[in-house]
Amino acid sequence: MTAQASAELYSLLHQQFKGDLLRPDDAGYEASRGIWNGMFDRRPALISRCADLSDVQNAIRAAVETGTLTALRCGGHSLAGFSTCEGGMVIDLSQMRQVAVDAEARRARFAGGCLLGSIDTATQKAGLVFPSGVVSHTGASGLVLGGGTGWLTRRFGLSCDSVEGFTLVTADGSFIRANARENADLFWALRGGGGNFGVVTEFEVRLHPLASVLLAEGLCAGPDIRRLLEFWRGFMADAPIDLKWNIDLRLAAHIEKVPPVLRGRPVAGSSLVWTGDPEAGRRYLERALFLCNKDSVRISALPFLELQTMADSDFPHGRRYYTKSGYFSYLDDATIDQMVEAASTIPSSQTQIELAYLGGAAGQVDAKETAFGDRSAPFIMNLLANWPEPSKDEAHISWVRGLFNKLRPAMKPGVYVNFMSGDEQDRVPEAYRERWERMVAVKSHYDPKNFFRLNQNVLPRN
Ligand SMILES: Cc1cc2nc3c(=O)[nH]c(=O)nc-3n(C[C@H](O)[C@H](O)[C@H](O)COP(=O)(O)OP(=O)(O)OC[C@H]3O[C@@H](n4cnc5c(N)ncnc54)[C@H](O)[C@@H]3O)c2cc1C
């Protein structure tokens, strides 16, 4: 972006803008330009930190008029780095974090800049939950618009399944509503279609009663890793929707709660969350963890807010991250062997092979009801590399790519857009598959010039 274009953008905005406009020389710019993934060290020409819906409208109109490349930012957790840009403008919603809960109706409205933690804190005051993700500093907008999976997905569905309406500003600067009655096609597309259609300024959602859960954790090493994965794939097929069981293959941390005999070794870490009757759950969880090292097993009742923040420090801002993800209909023996073998070559202590089993309430929603990708493939795999040193980029990225390529033939086509890296635009149609043509039609209608293009992009028809 030229200095002249940037000055023009600023002059179009600054008189009526109520939030902050940050240019590279302004105090606060450096602190505001970074996003969660340290791989993306970019310098936008302007950060427009909007105070309300009219600021969002003005920012979009000015960007369209000046032809400015624009990124959208809620929590800044885009793994692919889409919430920043070099030159261009960032529409930053971090000042728009209002949450209003109607306890009696079990409904909430929250603004487009909310982090998951702001929503959890507000809804828990009424003993209610909005099903979302597992790290409280993640932005709700990016997560919900891509679909949204977390501890409660099997019990209450994906995050987008609990959305009843969106308010958004489209590429022509107008604000509209999308729900079952108004702009129904857009309502369909926003539940899984990401940031392709406009800036969502408010979500209206259903809430569910829940205040605490049972959490069980345990570690397996050596030949028990393979045995655990074989047991898990069978166990989950009949598990009740009250159970969510995630497994991570990684190097065991050198920390007190890990038995000394396991520290530094490749392990399978199990985390199970039970949302049903605690007494029945405890027996069930003990049975599930029978293969784990006895000293590593812990089962405890946990307030919901503690569950939602327990992983926060494992994924700090500013480290370097790279991911590739996919689905399996079934984890066959050869796939399990490849994963176990790969666990012994993991390049750093925070890097992991994450495995989750979908199904439950999320699997019961008809695939045609929302744009979200495949609900039928129960096994979701996410290869997530996490390291601090730029000099180790190549080692981590090539480990992820190499393992992904090895496992790919056994995968089912499909990918969850929120677990994609920025170099995977060719996989976007794969994320939507039979829903692709409808996605293109909705995009062509609401954003015909592809103003919203820093995302898992759906190209409009010419
Ligand atoms: C530490 C961590 C934990 C995660 N855990 C989970 C998890 O448990 N479950 C899960 O499903 N995903 C999870 N994810 C993935 C997460 O869903 C995506 O990274 C998501 O994009 C993050 O949303 P954000 O608002 O923070 O992102 P941002 O980087 O702010 O935005 C990402 C994209 O979302 C779109 N967007 C953002 N705000 C708006 C808006 N108001 N209107 C329209 N479009 C918008 C834009 O296209 C933008 O480029 C996690 C990611 C991280 C980094």
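We count ligands from 1, going down the list as the structure has it; atoms in each ligand are counted the same way. No experiment lies behind these values; they were computed from the predicted model shown.
Ring centroids of F130 and F156 are separated by 6.0 Å or more, keeping the two rings apart.
Between W436 and Y432, the ring planes lie parallel to each other; the angle is under 30°, not in the 30° to 60° tilted range. In this structure, W36 and Y321 have parallel ring planes: the angle between them is below the 30° cut-off, well short of the 60° mark. Ring geometry for H317 against H77 counts as perpendicular: the plane angle is over 60°, on a 0 to 90° scale with 30° as the lower cut.
Between V129 and the options V213, L152, L305, L207, a side-chain contact (heavy atoms from CB on, under 4.5 Å) holds for only L152.
Nearest to atom 4 (C) of ligand 1 by heavy-atom distance, out of T138, V134, V144, is T138. If you check each of S325, G142, C160 against atom 23 (O) of ligand 1, the one with the closest non-hydrogen atom is G142.
Only side-chain heavy atoms of L93 come within less than 4.0 Å of ligand 1; its backbone N, CA, C and O stay farther off. With a heavy-atom cut-off of 4.0 Å, Y321 does not touch ligand 1 at all. Only side-chain heavy atoms of W36 come within less than 4.0 Å of ligand 1; its backbone N, CA, C and O stay farther off.
Around the CZ atom of R177, the shell of radius 6.0 Å holds no more than 12 heavy atoms that belong to other residues, nucleotides or ligands.
The distance criterion of under 3.5 Å between nitrogen or oxygen atoms is met by T149 with respect to ligand 1.
Protein non-hydrogen atoms do not reach within 4.0 Å of atom 33 (C) of ligand 1.
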